[in-house]
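Inspection log for the structure reproduced underneath, given as structure tokens.
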2 protein chains.
Amino acid sequence: MKRKVTLKQIAKELDVSISTVSKALRNSKEISEDTREKVQAFAKLYNYKPNNIALSLKNKKTKTIGIIIPEIVHHFFSKVIRGIELVANKRGYNVIVGLSNESFNKEVINMEMLANGSIDGFILSISKETLLQQDYHHFYETINQGMPIVMFDRVVNDVRCDKVIVDDLKGSKKAVNKLIENGCKNIAIITTKDYVSVGKLRTQGYLEALEDHKIQPKSELILKIVEELDAEDHLEDLEAEIECLIKNNPEIDGVFAVNELYALTAMKVAKKLKRKIPADIQVIGFTDGVLSKHATPSLTTVSQHAQQMGEKAAELLIDNLEHEEEEEHYKTVVIETELIERESTK
Amino acid sequence: MKRKVTLKQIAKELDVSISTVSKALRNSKEISEDTREKVQAFAKLYNYKPNNIALSLKNKKTKTIGIIIPEIVHHFFSKVIRGIELVANKRGYNVIVGLSNESFNKEVINMEMLANGSIDGFILSISKETLLQQDYHHFYETINQGMPIVMFDRVVNDVRCDKVIVDDLKGSKKAVNKLIENGCKNIAIITTKDYVSVGKLRTQGYLEALEDHKIQPKSELILKIVEELDAEDHLEDLEAEIECLIKNNPEIDGVFAVNELYALTAMKVAKKLKRKIPADIQVIGFTDGVLSKHATPSLTTVSQHAQQMGEKAAELLIDNLEHEEEEEHYKTVVIETELIERESTK
DNA sequence: TTGTATGCGTTATCAC
DNA sequence: GTGATAACGCATACAA
């Protein structure tokens, strides 16, 4: 077992000083061609690679980005990570991942752990619990310490940092407009409680689209699912709620769901109630998931371009990191959504 | 903006030496209660946290695990990561993720990048290209440098390291046995080329199950998909191949697919050919995906317990890291599969 | 052209 | 009880 070789060892072997070795390896022309070649050959032979940790300590830069997300087993978030990793790697950065699991505490702990020198900056999406408690002190403290943050998707406006968001409002309007154009008169929305900012915005888009078409929104067609029902083991409850919605309002001929699971469940319920899709009920989901494409019928969706969001977030962060803060000027980049039409709409 | 405070700054402020501060903070009883309290209060006030990088350099331990996987936008891999992260975090480790994107080069580069001090050990699943080229020098070199590796799922036996695998063979046999018990006489398999070790093993399990039941395998019922067709943009080709298989062999009454996509595509094709599932054709897939549950009909699968694999891999690695190598003795842990029966089988 | 000294932040050893 | 010093691995300003 040959452990990693250090400058010191090379210096000793070659009977020169450490700095000579260091300079020789960096092709400093202070060093004679002779020793330079000798050192480089030796280094190559022993496969010398500078120690990242030592470099980090010296340069006060780790070339590592910290990602904090609520959940990794989720198509949207994993696509974002892929985008971040792609850009990060291209620009010489590594990526370290922390999961908040939607918990405020885990979010805080994870961030504290990474903020102590392990990374140069954060890319994150806020956990539901944090959004609910509206306690953002950990973000402020991090930024105050001079560590930049880029938030994506689930962001909070008060915090002064770069943000990458989807145009939830416009995306929802696109979807609902489509349903209206396709002849739907009674469009229901299945959404989340308002403290999840994206849920709120998507609901707002729904309302605006109706308004634009002079359609009076009806509160009984707005179903706000409580968080707990998202879990795998509460699928039946979710189903029951949606079944209730459709049964109690038989006039429904269009459904806009703010995520994939709700949309799919709505289709399932509709089929169960012998309503044909898209003939009787048309369905659109807001999502970047994998289920939509393979569902039967396949689901028309509003795509969020998750990977692109990740790429943009990484670019913003690295630009910030490398352009030595030319004044505080934070951008909010909006990623356009795209309506992908499949079989669940006419 | 108050930058992170260091021991040195605290020492200066309190007009004591750095070592006094260090000791006081670590509750050394060398230090008088007086100064100890004073220092601790001050440290708390300024929210002192030791710098991880400095600690890493000193301790030659980073408390960080490197994960290298072929792809992150994949339910199986993201679940494994979740498992790793769970255990790692519990035991005080962070997780840094590198993606090989199924490329040999990216795998090598990523590993070299991380091996230079950034992490204490690897958990990885080998890229297809690496398996194809059978070039494992980067694994040997890493291990040779004293950096432990735990491989999962896609492993190679020659490399001396801990491994966590699914019992692919037994899992496949379970699935095929089920089909046989359910009355299938002509069972096709949709698998990958043999260089993907798990594909090979799953094919072998299929053959053994047939043999156990004295069923003569027929080569025309064994469809080996070439890698390129896995890609999103080649779905039609995949579909065409499978359609060919079923059309040319109308006697097929059971299909075993080594992954979710193949299984779903098989169901799609079967439906297109007006074959009822499970009445005419029963289908089982080898997978941990999300599609199976929401497909229509929902797909019977062999579950791999991905998260458990991740947890086990993390435990093996950290145990190894912390138990100062009591001789080289490498374990291979086999995670049992589980047959989850849904609507695609009788 | 080469080597020495210093510092990054921390801890451990040893001296006072 | 407290502090000076060395060490982790590297880069660099400065001295020789």
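Residue numbers start from 1 in every chain, and the chains themselves are labelled A, B, ... in the order their sequence lines are given, proteins ahead of strands. All of these numbers come straight from a predicted model, not from anything done at the bench.
Within the 4.0 angstrom heavy-atom criterion, base atoms lie near A/Ser22. Using a 4.0 Å heavy-atom distance criterion, B/Leu7 is classed as a base contact. A/Lys58 comes within contact range of at least one nucleobase, with a heavy-atom separation under 4.0 Å. Residue A/Thr35 is in sugar-phosphate contact alone, with no base atom involved, counting any heavy-atom pair closer than 4.0 Å across all strands shown.
A salt bridge links A/Lys106 with B/Glu85: the distance from a Lys NZ or Arg NE/NH1/NH2 to an Asp or Glu carboxylate oxygen falls below 4.0 Å. A salt bridge between B/Lys44 and B/Glu37 is absent, with no side-chain N of the basic residue lying under 4.0 Å from a carboxylate O of the acidic one. A salt bridge is absent between A/Glu141 and B/Lys2; no separation between the charged side-chain nitrogens and carboxylate oxygens falls under 4.0 Å. A/Arg91 has a carboxylate O that lies under 4.0 Å from a charged side-chain N of A/Asp319, or vice versa, which qualifies the two as a salt bridge.
In this structure, B/Ile18 places its CD1 atom 14 Å from C1' of C/dT6, rounding to the nearest Å. Rounded to an integer number of Å, the gap from B/Glu37 CD to D/dG1 P is 14 Å. Taking atom CD1 of residue A/Ile10 and atom P of nucleotide D/dA11, one finds them 11 Å apart after rounding to whole Å. Here the P atom of nucleotide D/dC8 and the NZ atom of B/Lys63 are 21 Å apart, to the nearest Å. A straight line from CG of B/Asn116 to C1' of D/dC8 spans 16 Å, rounded to a whole angstrom. Atom CG of B/Asn27 is separated from atom P of C/dT11 by 13 Å (rounded to the nearest Å). Between A/Lys29 atom NZ and C/dT2 atom C1' the separation is 16 Å, expressed in whole Å. When the P atom of D/dG9 is taken as reference, atom NZ of A/Lys49 falls 17 Å away, rounded to whole Å.
Within 3.5 Å, a donor on the side chain of B/Ser19 pairs with an acceptor on the base of D/dA4, or the reverse.
Nearest nucleotide to the A/Asn51 side chain, out of C/dA12, D/dC10, C/dC8: D/dC10. Taking only side-chain atoms of B/Glu30, from C-beta outward, the nucleotide of D/dG9, D/dG3, C/dT10 with the closest atom is D/dG3. Here the side chain of A/Lys8 is nearest to one of D/dG3, D/dC8, D/dA11, namely D/dC8. In the set D/dT12, C/dA12, C/dT2, C/dT2 carries the atom at the smallest distance from any side-chain atom of A/Thr20. The nucleotide whose nearest atom lies closest to any side-chain atom of B/Ile31 is, among C/dA12, D/dG3, D/dT2, D/dT2. The side chain of A/Leu55 lies closest to D/dA11 when the candidates are D/dT2, C/dT4, D/dA11. The side chain of A/Lys23 lies closest to C/dT2 when the candidates are C/dG9, C/dT2, C/dC14.
Residue B/Tyr136 holds its OH atom at 13.0 Å from CD1 of B/Ile143, rounded to the nearest 0.5 Å.
Within the 4.0 Å cut-off from OP1 or OP2 of C/dG9, not a single side-chain nitrogen or oxygen of B/Lys4 is found. Contact annotation: A/Arg26 reaches the phosphate of D/dT12 (side-chain N/O to OP1 or OP2, under 4.0 Å).
A side-chain donor-acceptor contact under 3.5 Å links A/Ser118 and B/Asn52.
Nearest-nucleotide assignment on DNA chain D puts the 5′-proximal partner with B/Glu33, out of B/Glu33 and B/Asn59.
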